[in-house]
Structure formats: C-alpha cells, structure tokens
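Reading through the structure tokens given below for one structure.
Note: hydrogens, waters and symmetry copies are ignored here, and every other heavy atom, side chains too, is used. In what follows, chains are A, B, ... by sequence order, proteins preceding strands, each numbered from 1. Keep in mind the model is a prediction, meaning the values are calculated, not measured.
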Protein chains: 2
Amino acid sequence: MMQELPSLTLPGVTIESLKARCSTCSMHQLCLPMGLDVGDMDKLDKIIGRRRKVQKGENLFRIGDPFTNLYAIRLGHFKTYQINANGEEQVTGFQMGGELLGMDAISTDRHYCSAMALEDSEVCEIPFASLERLLVDMPTLLRHFHRMMSQEITREQSVMLLLGNMQATQRFAAFLVNLGSRYAARGYSDTAFQLRMSREDIGNYLGLTIESISRLLNKFKKQELLRVSNREVEVLDLPRLKAITAGTETCS
Amino acid sequence: MMQELPSLTLPGVTIESLKARCSTCSMHQLCLPMGLDVGDMDKLDKIIGRRRKVQKGENLFRIGDPFTNLYAIRLGHFKTYQINANGEEQVTGFQMGGELLGMDAISTDRHYCSAMALEDSEVCEIPFASLERLLVDMPTLLRHFHRMMSQEITREQSVMLLLGNMQATQRFAAFLVNLGSRYAARGYSDTAFQLRMSREDIGNYLGLTIESISRLLNKFKKQELLRVSNREVEVLDLPRLKAITAGTETCS
DNA sequence: CGATGATTTGACGACCGTCAAGTCTAGTGG
DNA sequence: CCACTAGACTTGACGGTCGTCAAATCATCG
C-alpha cells in the first residue's frame, strides 16, 4: 500500500554503490540515481550544512518551530506527529535512513508537526533557502525535489486509506508489509527486522490502542504469520500477510 | 484544524481584486498575492492550456492515468479518492475553486488518486513540463509552487489527525468548520452554505457510514447547532461547533 | 406521476476501546 | 551478580460507539 522510495529501487543502482559515492549524507542517495553528475554533486555538497546527532527521544523539531532546514536522515529512525487541542499525539509517520523530513513546513515557514528520534540518529541539515537557490540551476535536482514532495503526498494518501477504510487486522498487516518493503529497498530483509517504535507509537499511528496492537501481535503469532520476541519481528508468511493487507484474505 | 488557502487570505487582497485581474484561470488568484508582476503573469498565461469543462459525475482523471497536467479549479467542486484492492473508494479530499489538483502524480508520472466533479465544473489545464521550465525563471512562482505542495502535505496530516484521533461527532464538526472557513476565504459565508457532496461522500471521507452522518446531522439539529435542509446547511452556533472540533466541549 | 436513488430512522450486534491487574524487560545501583 | 524499579507490554472482563441490516420516507428528474 504505501510506497517505497523509488530512488532507491531504480534498476542497476545498489545501495552499496550509493553509499560508496555518498560523501556527506543520504541526500546524495536520493539525487544520484536521478542523474546528477559529479559537478552537481559538489554544488549540493556545498550547501548541505552540518551533520547533527539526535539522541533517542530528542526532538529534531517541534510544531511551531520556525522553518529553516530540511533534514536528510543519515542514520536511525524518527517518528513525526501532530498534537491536537488536548495535547494528545497523533503519529503521522515513521521515517528511516534516506528519507527527508520537514517538507510540511514550507507552506507556513513553521513546522506543522514534530519529529522525534526513535533511537540515536544522525541527520544532515539542508538550509532550504540555499536549496531553493540551487534548484534554479539544476533542473534534475528540481525535478527530483518535486518528486519527493509528491511522494510524501501519496504516502499520506495511503495512510488516509488505511485509517478510513481498513479494519484493525488489515491496518496492522499493512503496517508490517510497508516496513518490510522499505527495509528491502535499503538492502535489508523484508521479513526479519526490529521494530524501532513502541507498541504505543504503532497503535497511535494506526488509530488503535496499545492493547489492540498487543492482541494483534498475539493473533498473528498463533496463526504462524509472525515470530515475535519483544521488538524483534520475523514474518513467516509474507504472501498471506500481503493478502490480509489487500483484504483478499477475509478475516484471520 | 485544516487550513485555508493562505494565498487567498493575505491582508489587503480581496477576492474581487483577484477576479478582476484574473485573465485566464484561478491559478492567477494563487500567484498574484505572492508578488508576481504583470510580465510574469503574461508568461504564466502562455503556458496555461485550454480550459476544460467537467460535468457532474465525470472524472477529471483516474488512478493510473499518465500524468501530464496539473489542474486549477476555476469553478465548481471536486472530490479526490483512492481505490483499495476491493474496489472500495476512500475519499481523500474535497476541492473547490482556486485549488490545485494532481500534485500527487508528480512522484510516479501517474495519477495516484481519481478526481471527480461534484457538480458541473471548469478547470484550467497546466502542462506540468511547461510549468517546471517556467519555474526556473520565476523564483517567486517556484516559491509559491512549493508552498502549495507543502500545504497539501499539511492538509493531509490534518486529515490523519482527524481519522486517527477523533470521535465521530468531533470529525463531523471539524468537517463543517473546515468547509466554512474555506468558503469564508473565498468571500462567502462561513456559516451558511450548500454541501456539494452526498452524505455518502462525507461519511466515506470521515471514515464513517452514511447512517452515522445522517444521525449526526440530526443530533446537531436537535442541539440547535445547525439548521439543515437537504444539502443546505446553516451553522447557528459556530463557536460551539469549533469547541467541539477542538475537543473542548466534551460530548454534545 | 412514477421511478430511482438519496436520506432517514430503528433495532441489533461486532469491533475495538477502557479499565484493571498482572508480567516482563531493561536499566540502575548496591 | 543480584535486587529493585520504572516503564513497556500482555491479558482478561466489560461496555460503548459506531457499523450492519432492514424498512420507510423523501427528493429529483425524466
């Protein structure tokens, strides 16, 4: 349902080749496959600001913060969340290495959501004013930047489908399949991975309670769809999980 | 909760002044307040393609259609919707005059959702390739285009908050308040307007059934929050409706 | 005026949230 | 190394919200 990073899945582009070239940060992973040449890469290097380490539980930015930078995740995982009038959170997404944070802030010059590190992480700051100036001279980068913003729009549409249309079981299956496919796009296993977020965050993201998540994990375990140990997950029957996501496999 | 078009709410810019200047389509309403001069406006005119009428119930585009144009709504209302594996719809938004459609398609060069006219409507086609070429020479327009994409991201985040966090009553109140504020931004009343969409579309959008919408309308009527007659709505107590949206007024 | 689809209303039940208690885990300090 | 603690997670019982189903009523349009 939700999409993989297309830039990481282009044919002939391996994650290793990108890492090798990457001189500064994951932003390059996103640009290289789009056809940036070495000269363009150097220009990009020049505007990319300092690296910044973000400790587990620390906010990269908060709702209402003035907007100056986009952030490319080099390492680690983040969650983004809205806060409603009562101070309750709504998790709007989980982000991992190679993804871009902060695009929601362009519209009002203030961040519209908060971003928190789920583990010790590292980002590259990309001053947006500089980036926008650079875009004028680099049509390829411009194109790619538009694709990334558009992709965030489609990602969120998928979440709306999930929240508006799916039952609890289906939502949770979709969540796992999506995580797996994103790890696969990064060269990791799509069936064995660690959940970087708490049950609470998962539940919040999926519009369910922590208890429901716990029960769903147990149900999937009993059906031999999953092996679960704490935050370690192994998907034993990915096709069936995908069928549940699609709504083909009715209940389970 | 969801946002108004900021470009239509800048101080000193009335909807009339924009309409007067607007030579071709509502895209100009979006650009003028951002500081485009007359020369820039003319350049924009040149790339904007033909107007296109779309009849009620007709699709402007469908999921999977190849992407060539963005569409600026001149007149009328649209809904956008996803379709899941079982062919069920999930309405992801309602759009009105002055709003832009199709930005989700940039990422994959195919439309990621379908758009259908809720009444006889009219749009301007904006060939995206031409627009992107133009953006290179017009930093102001570039800036504005990025704001519009970003705004779509924040809008969707608000819907995620709505679907993930709110109860039925609160969702419906939020929906009405949002509609009102968007009409207000266009120079119409924020308390008396016509619903252009069916109960079914509203329910689908809010993750509720048509029956629930009907009951909610009735409840609000009994509480003297609304006067309702078919699709005609008059909000009698906007502050209280806003309080319900915010979750301040507990149940009602 | 008749027909078709949209909307309303009621009865009922399922799904999932709430509450409460219990268990496990990881991190800390003795 | 173990005891202790706080927080994360699990499990069970119960209830409420909202979905499902069915029937009736109401608009709209040829």
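The shortest side-chain heavy-atom distance between Arg182(B) and Met96(B) falls under the 4.5 Å cut-off.
Residue Thr92(A) is tested with Thr80(A), Asp104(A), Asn204(A) for a side-chain hydrogen bond (donor to acceptor under 3.5 Å, both in side chains); the sole match is Thr80(A). Of the candidates Thr245(A), Val235(A), Asp190(A), Val177(A) forms a side-chain contact (heavy atoms from CB on, under 4.5 Å) with just one, namely Thr245(A).
In the helix from dC1(C)-dG30(D) to dG30(C)-dC1(D), the rotation axis of the first five pairs and that of the last five pairs differ in direction by 40°, rounded to 10 degrees.
Each salt bridge (Lys or Arg N to Asp or Glu O under 4.0 Å) pair with one or both residues in residues 111-123 of chain B, not counting sequence neighbours, appears once here: Arg51(B)-Glu122(B), Lys53(B)-Glu122(B), Arg74(B)-Glu122(B), Glu119(B)-Arg196(B). Among pairs with a residue in residues 229-238 of chain A, those fulfilling salt bridge (Lys or Arg N to Asp or Glu O under 4.0 Å) read Arg227(A)-Glu234(A), Asp237(A)-Arg240(A), at least two apart in sequence or across chains.
Per the geometry, NZ belonging to Lys222(B) stands 12 Å off P belonging to dT8(C), to the nearest Å. Nucleotide dT7(C) holds its C1' atom 10 Å from the NZ atom of Lys221(B), rounded to whole Å. In this entry the distance linking CD1 of Ile210(B) with P of dA6(C) reads 8 Å, nearest Å. Look at NZ on Lys56(B): it is 11 Å from C1' on dG5(C), rounded to the nearest Å.
In 5' to 3' order, the nucleotides of DNA chain D bounding all contacts with chain A (an atom under 4.0 Å from a heavy atom) are dC9(D) to dA13(D).
Not counting sequence neighbours, Phe78(A) has no partner by the ring pair (Phe, Tyr, Trp, His ring centres under 6.0 Å) test.
Using bins of under 30°, 30° to 60° and over 60° for the plane-to-plane angle, the ring pair Tyr183(A)/His77(A) lands in the tilted bin.
In Arg62(A), the CZ atom is not crowded: 12 or fewer heavy atoms of neighbouring residues, nucleotides or ligands sit closer than 6.0 Å.
What you find for Tyr71(A) and Val123(A) is that their closest heavy atoms are CD2-CG2, 3.9 Å.
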- Note on the structure: A correct 5'-to-3' footprint of nucleotides 10-26 of chain C, with B, S and - meaning base, sugar-phosphate only and no protein heavy atom under 4.0 Å, is BB----SSBBB----SS

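Aromatic rings of Tyr205(B) and Phe94(B) (six-membered ring for Trp) have centroids within the 6.0 Å cut-off, being under it.
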